[in-house]
Number of protein chains: 2
Amino acid sequence: MDYDSSVPIYLQVMDAIKKQLILGKIRPGEQLPSTRTLALDYDVNTNTAARIYKELELQGICFTKRGLGTFVTESTEKISEIKDEMANKVIDTFIQEMSGLGYNYPDMVKIIKEKETK
Amino acid sequence: MDYDSSVPIYLQVMDAIKKQLILGKIRPGEQLPSTRTLALDYDVNTNTAARIYKELELQGICFTKRGLGTFVTESTEKISEIKDEMANKVIDTFIQEMSGLGYNYPDMVKIIKEKETK
DNA sequence: GATAGTGGCATAGGTATATAGTACACTAAA
DNA sequence: TTTAGTGTACTATATACCTATGCCACTATC
């Protein structure tokens with residue numbers, strides 16, 4: 001995985017995991033890799049891996065059983081909630097940025113449709 | 001100005017200045033505020049203000065006359081170049097993020113049109 | 001009980017960002 | 001020449017992030 005040096009790594013990995021959850025590549029209730037394995041998978045330090053799970057737990061996305069491992073929430077509602085939340089953030093950012101650059105809604109729609117055909 | 005703590009301040013101010021340029025609020029060739037004034041305006045340190053102009057100069061957006069001040073480039077082509085560059089970055093990021101969340105082009109268009117009516 | 005695998009914690013060091021404060025060099029105008 | 005305003009440079013400090021390393025506590029299994 002390539003990292004954008006202007007964004008903390010732990011946030012980028014968190015987003016990557018959340019996307020896997022949203023796309024169904026990780027199922028509800030499923031056990032996540034151990035912190036040490038995650039560290040290897042994403043080429044980060046074990047402390048960073050631990051932080052990733054800790055923050056995801058704060059967001060209600062996973063839970064931890066000490067001595068056993070870390071597991072994804074079983075709540076499908078929570079997962080679709082996360083999806084809406086992430087999508088809204090992306091959309092709002094896009095609209096705000098484009099407005100700031102002088103584009104209006106029809107401009108945005110037009111641009112996206114043009115991109116589609118390419 | 002409110003700052004997003006997850007993005008370096010100097011980048012956020014640079015973007016703000018570039019937007020003013022794109023929207024015509026700053027004219028080609030116009031003198032920019034002094035580093036000390038910029039620091040006051042944006043509530044940052046003088047060193048950070050100096051860095052902002054230094055980085056903008058690296059991007060060809062402004063130039064400095066020592067002892068006189070910092071001035072915006074007179075090239076209108078450069079300015080429209082910057083606009084295209086910024087817009088393309090925003091658009092590509094949007095499309096990539098939304099695709100990663102499982103949305104396709106028609107979805108995106110639909111969402112934006114919905115936002116417009118609100 | 002011993003072992004392996006899990007999360008959790010503590011210490012230390014490095015880098016980037018931002019701040020505070022000070023000082024210096026250049027330019028134009030009084 | 002003096003002054004005010006400009007950019008530039010330097011040191012020091014603080015914080016966040018990331019890494020490296022080691023150790024401890026819990027759980028399941030042998």
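All of these numbers come straight from a predicted model, not from anything done at the bench. Every chain is numbered from 1 and lettered A, B, ... according to where its sequence line falls, protein lines coming before strand lines.
- We find that CG of Leu40(B) is positioned 14 Å from C1' of dA20(C), with the value rounded to whole Å.
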Just list the side-chain donor-acceptor pairs under 3.5 Å for residues 55-62 of chain A, sequence neighbours left out, or say none.
from: Glu57(A); atom 1: OE1; to: Thr64(A); atom 2: OG1; distance (Å): 3.2
from: Gln59(A); atom 1: OE1; to: Lys18(A); atom 2: NZ; distance (Å): 3.1

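- Sorted by first then second residue, the side chain to side chain donor-acceptor pair (under 3.5 Å) pairs that include residues 28-38 of chain A, not counting sequence neighbours, are Ser34(A)-Thr37(A).
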Is there any protein nitrogen or oxygen under 3.5 Å from a nitrogen or oxygen in nucleotides 13-17 of chain C, and what are the pairs?
from: dT17(C); atom 1: OP2; to: Arg51(B); atom 2: NH2; distance (Å): 3.4

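- Side-chain contact between Ile112(A) and Glu116(A): absent, with no pair of heavy atoms (C-beta onward) separated by less than 4.5 Å.
- A side chain to side chain donor-acceptor pair (under 3.5 Å) check over residues 94-115 of chain B, counting only residues at least two apart or in different chains, returns the pairs Asp92(A)-Lys115(B).
- Here the P atom of nucleotide dT8(D) and the CD atom of Glu55(B) are 12 Å apart, to the nearest Å.
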### Task
Using a 4.0 Å cut-off on protein heavy atoms (strictly under), produce a 5'-to-3' string for nucleotides 21-30 of chain D with B for base contact, S for backbone-only sugar-phosphate contact, and - for none.
B---SBSS--
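- Residues passing the salt bridge (charged side-chain N to carboxylate O under 4.0 Å, His left out) test with Glu74(A), sequence neighbours excluded: none.
- Applying the side chain to side chain contact (heavy atoms under 4.5 Å, CB included) criterion to Ser80(B), with sequence neighbours excluded, gives no partner residue.
- Spacing between atom CZ of Phe71(B) and atom P of dT6(D) amounts to 10 Å, rounded to whole angstrom units.
- Between Ser34(A) and the phosphate of dG5(C), there is no side-chain N or O to OP1/OP2 separation shorter than 4.0 Å.
- Gly100(A) and Leu23(B) get closest at one heavy-atom pair: O-CD1, 3.3 Å.
- When the C1' atom of dT6(C) is taken as reference, atom CZ of Phe63(A) falls 14 Å away, rounded to whole Å.
- Put simply, CG on Leu11(A) is 14 Å from P on dA16(D), counting in whole angstrom units.
- Checking Lys54(A) against Gly69(A), the closest nucleotide of DNA chain C that is more toward the 5' end is the one next to Gly69(A).
- Among residue pairs with one or both ends in residues 25-76 of chain A, those qualifying as ring-ring contact (aromatic ring centres under 6.0 Å, His included) are Phe63(A)-Phe71(A); sequence neighbours excluded.
- Taking atom CD on Gln31(A) and atom C1' on dG5(C), their separation rounds to 10 Å, with Å as the unit.
- The CG-C1' distance, from Leu38(B) to dT8(D), rounds to 15 Å in whole Å.
- A sub-4.0 Å separation between OP1 or OP2 of dG7(C) and a side-chain N or O of Thr64(A) is absent.
- When heavy atoms are screened at a 4.0 angstrom cut-off, Thr70(B) is found touching the sugar-phosphate backbone but no base atom.
- A close approach under 4.0 Å does occur between a side-chain nitrogen or oxygen of Thr35(A) and OP1 or OP2 of dG7(C).
- Sequence neighbours left out, not one pair with a member in residues 2-21 of chain A passes ring-ring contact (aromatic ring centres under 6.0 Å, His included).
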